[in-house]
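One structure is given below, encoded as structure tokens.
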Amino acid sequence: MNGRKRALVVSRHSPYGGTLAKSALDLALAAAAFDQPVELLFMGDGVLQLLPAQEGNARGRKDMARQLAALPLYDIDHVYADVEAAARYGVELGAAPIAVHPLEPGAIRSLMQACDLLLGF
């Protein structure tokens, strides 16, 4: 990786309850724009960001699905979701606006340990 640190941004907040969900995406996009290897993990309430057909504009906010769809343009190809949280909220990961790799709790721990930087929101 040419000395660059592997960063994992963990998003744990629902899409429109506050600004933290958007901040996590903004950070991931900004880091990737500066050629930083970034991966993204949705956990807990954060998996709600992966619901298709969200209407952020109706809530006076930008539609997060558009930001998610932009992730591959920034070379953010490693996007993960907590399968237990997705099941709890009834989020069908196959219908998410981007390709998401489902992870069990053990795999989440391994991912976090493998990254150099862990940024949680």
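Owing to the predicted nature of the structure, the values given are computational and were not obtained by experimental measurement.
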Consider only side-chain heavy atoms of I, L, V, M, F, W and Y, link residues closer than 4.5 Å, and tell whether [X] and [Y] are in one cluster.
X: Leu73; Y: Ile98; result: yes
X: Met43; Y: Leu68; result: no
X: Ile108; Y: Leu118; result: yes
X: Val83; Y: Leu41; result: no
X: Leu50; Y: Met64; result: yes

Does the side chain of [X] reach to within under 4.5 Å of the side chain of [Y], using non-hydrogen atoms?
X: Thr19; Y: His13; result: no
X: Phe42; Y: Val100; result: no
X: Leu119; Y: Val10; result: no
X: Ser14; Y: Gln49; result: no
X: Leu111; Y: His78; result: no

**Complete:** Here the gap from Asp26 atom CG to Phe121 atom CZ, rounded to the nearest 0.5 Å, amounts to 9.0 Å

**Request:** Find the distance between CG (Leu8) and CG (Asp116) and round it off to the nearest 0.5 Å.
**Result:** 11.0 Å

What closest approach, in Å, do [X] and [Y] show between heavy atoms, and which atom pair accounts for it?
X: Pro97; Y: Leu51; result: CD-O, 4.3 Å
X: Ile76; Y: Val38; result: CG2-O, 3.8 Å
X: Pro72; Y: Asp77; result: CA-OD1, 3.9 Å
X: Ala99; Y: Val79; result: O-CB, 3.8 Å

**Request:** If a pair satisfies side chain to side chain donor-acceptor pair (under 3.5 Å) and one of its residues is in residues 79-91, list it, with sequence neighbours excluded.
**Result:** Glu39-Tyr80, Asp45-Tyr89

**Request:** Enumerate the residue pairs fulfilling side chain to side chain donor-acceptor pair (under 3.5 Å) with a member in residues 93-111, sequence neighbours excluded, ordered by first and then second residue.
**Result:** none

**Request:** Go through the steps to decide whether Leu20 and Arg12 satisfy the test side chain to side chain contact (heavy atoms under 4.5 Å, CB included), and finish with yes or no.
**Result:** CA-CA 8 Å; Leu20 290 175; Arg12 299 174 191 246; over 6 Å; no

**Message:** Go through it in stages, so that I can follow the logic: the residues are Val9 and Leu25, the test is side chain to side chain contact (heavy atoms under 4.5 Å, CB included), and I'd like the CA-CA distance, side-chain angles, deciding distance and then a yes or no.
**Reply:** CA-CA 8 Å; Val9 177; Leu25 279 177; over 6 Å; no

**Message:** My understanding is that a hydrophobic cluster links ILVMFWY residues whose side chain heavy atoms are under 4.5 Å apart, including indirect links. Using that, what else belongs to the cluster containing Leu117?
**Reply:** none

